[in-house]
There are 2 protein chains.
Amino acid sequence: MVTIYDIARLSGVSKSTVSRVISNHPYVSTETKSKVIKVMQEHNYVTNSLAKQFRQKQTKCIAILIPDLNHPYFSQLVSYISADCYKSGFKTVVHQTFLDKNIEREVYNQLQKNEYDALILTSSTLPEVEIAEYTGNKIIVACNEDFRGDYFDVFCLNEEEVTMKATSYLLSKGFTKLGFCSDNISSPLQQARLKGFILAHNKKGLKHNKDFLFNDISNIEDGIILGKRLFRDNLEIEGIIAGSDFVAAGLIRSAIRNNIQIPQHLSIVGFDNHPISLVTNPQISTICNHIQDMSNDLVNHIVNKINGGVKQSPIKKVYNGEFINRNSS
Amino acid sequence: MVTIYDIARLSGVSKSTVSRVISNHPYVSTETKSKVIKVMQEHNYVTNSLAKQFRQKQTKCIAILIPDLNHPYFSQLVSYISADCYKSGFKTVVHQTFLDKNIEREVYNQLQKNEYDALILTSSTLPEVEIAEYTGNKIIVACNEDFRGDYFDVFCLNEEEVTMKATSYLLSKGFTKLGFCSDNISSPLQQARLKGFILAHNKKGLKHNKDFLFNDISNIEDGIILGKRLFRDNLEIEGIIAGSDFVAAGLIRSAIRNNIQIPQHLSIVGFDNHPISLVTNPQISTICNHIQDMSNDLVNHIVNKINGGVKQSPIKKVYNGEFINRNSS
DNA sequence: CTGAAAGCGCTAACAC
DNA sequence: GTGTTAGCGCTTTCAG
């Protein structure tokens, strides 16, 4: 392997000068610069990033924590974040926890060991305080996960409010026996949605039915199976806040199979306004998140923090989701 | 920051001994070991991975190259690969090229600069020879991309054969005016499929219609738009090999809108056997890839290569895809 | 079983 | 403008 030292020797200058050329430092005469560059090309010099990173104590790498990449919401989110990071000169390491607390903890440990310059949290099964402990004073930011924001920066949607709106809409149309699906009810985001769901009931002086709260429902298959169960047991559900457009699609599938009319017999609302909501029959009423803007703002913020090293109290930025009324509700 | 040297001083041993304790080296007396561990805990010692990586010349990190993560096929593929790598102690950096050749080249450069221990290629817009040049003698493996395999290892599906089978099926049912969708026709995988498509025609003494070759069609929206165009222009297409289940879903959507009966008027075959093929109406006939097995085998292979440093001539492993006949064909 | 010492490749004061 | 020098934190011979 040809090193900076070889190049220095070969071109009759010192290591420092070569280093300056590489990092495009000023105060190098154009002659020596071009001379050094020539030698580097002749000998196929390539920087050893490991040495550079070690010396500069930064990895140019940001970790992203998600439950599962094989999920349209998260793959989209990670796609945006990753692309934004790349534009700012950062690579991204994607960590799937599969909701395993120990895998999650392991990532916080890696952060401490300087394997990343920052960590983006899109979902978590650990309490906010524990995360804060594990990470020490490293940079960590939550994206579309509804943390309180006492220990780190949070970018998120007004999940509670928008879920309340959608629920209220169903209630106002006379659908009063409502179900609610979550993928992982222990997460702050799902908790916020559930709060909104309950709040909408309370506002109308109604009570929600606890038997109609379904957890661990996160994809098409889960939706199909849940649908089967609902229709087989003849549960008198009139409407469902489905947690994601994919769950909604699965429910619709099962409904068709069982000759349940949507929205007449069962009204369904999805989440995320994913294109799949356009290809089912009927099309899915859903809630629009703003993850692209969110990702943009968030990556800018992180990069500033990494470069500037600014220490300020945690910020929390909330985006407004909108209820999109299509044909399933 | 507390370093290995601090721990050595504090526990009255040398740096080397501490290092041995950390790496769980044999030949350390249990007493000194426990003493050192105690001191490490008391002072919250955490390894600086950057220094370790630098010293050992390995990153414990594998890069994955894909066009776009916001795509059900790739997000699933990356999910499997990433999980398998994690199990073997490797992190993964996901690079989206968005089909930009320069972004792709940049990743090969990073590989050369020692930023990864290996690179997994799931799709590429560059010729095989150029890739081989860019990477020098680093480890690089293709996953489900149909390279020839002269310069690096390849794990892939028998795309040509299975596409031929599906096409033959449509032809045998009397659908002779067939269309073919690709997302990026320049990729070896898409080329292989096209070959199979054409081959099936030739076998029956038929010619395919070049006007019915549609490129840059990769997701639901593209499928919808393509469908609109087909039905508006009244193209006399009787069947389509759709390139992915998502494209197929979009086409079905447009067909329903235009009162086109599937499969009577238009027969559609998707790819990948994604759950979405179960929720459309009709359900989508599709082709089953074996990416989970593929990912498994491939990661094992890479890890062996990294650890063993085995230099052997490139291998190529081919998996058999199956045509799953549902209701859209 | 343990310590001394060398060095991985690069950067960044600090001199000149 | 350029060179000298001193490390970054860790691993790994080689002695003992």
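Order of the sequence lines sets the chain letters (A, B, ...), proteins ahead of strands, with each chain counted from 1. The structure presented is a predicted model; accordingly, all values stated were derived computationally and were not measured.
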Take atom [atom1] of [X] and atom [atom2] of [N], then tell me their distance rounded to the nearest Å.
X     : N      : atom1 : atom2 : value
B:I7  : C:dT2  : CD1   : C1'   : 18 Å
A:H25 : C:dC10 : NE2   : C1'   : 14 Å
A:H43 : C:dG9  : NE2   : P     : 16 Å
B:Q56 : C:dG7  : CD    : P     : 19 Å
A:L50 : D:dC10 : CG    : C1'   : 12 Å
B:D6  : D:dC10 : CG    : P     : 9 Å

Under 3.5 Å: donor-acceptor pair, side chain of A:K15, backbone of A:I4
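Flag not set: sc A:K15 to bb A:I4 has no pair under 3.5 Å.
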
Hey, does the side chain of B:D100 reach the backbone of B:I103 with a donor-acceptor pair shorter than 3.5 angstrom?
yes

Using a cut-off of 4.0 Å on non-hydrogen atoms, how would the nucleic acid contact of A:V13 be classed: base, sugar-phosphate, or nothing?
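It contacts sugar-phosphate atoms only.
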
Would you mind building the protein contact string for nucleotides 4-9 of chain D? One character per nucleotide, 5' to 3', B for base within reach (heavy atoms under 4.0 Å), S for sugar-phosphate only, - for untouched.
B-BBBB

Enclosure of A:R9 CZ (heavy-atom neighbours >12, cutoff 6.0 Å)
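Enclosed.
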
Which residues within residues 26-34 of chain A lie with some heavy atom under 4.0 Å of an atom in DNA chain D?
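Contacting residues: A:Y27, A:V28, A:S29, A:T32.
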
Regarding B:Y319 and B:D297, is there a side-chain donor-to-acceptor distance under 3.5 Å anywhere?
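Yes.
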
Compute whether any side-chain donor of one residue and acceptor of the other, for A:S124 and A:E145, lie under 3.5 angstrom apart.
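Side-chain D/A pair, A:S124 to A:E145: absent.
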
Matching residue for B:Y108 among B:E106, B:E104, B:R105 - test: side chain to side chain donor-acceptor pair (under 3.5 Å):
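When B:E106, B:E104, B:R105 are each tested with B:Y108, the side chain to side chain donor-acceptor pair (under 3.5 Å) holds only for B:E104.
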
Before giving the answer on side chain to side chain contact (heavy atoms under 4.5 Å, CB included), spell out for B:K60 and A:E115 the whole-Å C-alpha distance, their side-chain angles and the decisive distance to 0.1 Å.
CA-CA 10 Å; B:K60 287 286 180 187; A:E115 301 191 18; over 6 Å; no

Identify the residue among B:I120, B:I64, B:V78 that makes a side-chain contact (heavy atoms from CB on, under 4.5 Å) with B:C143.
B:I120

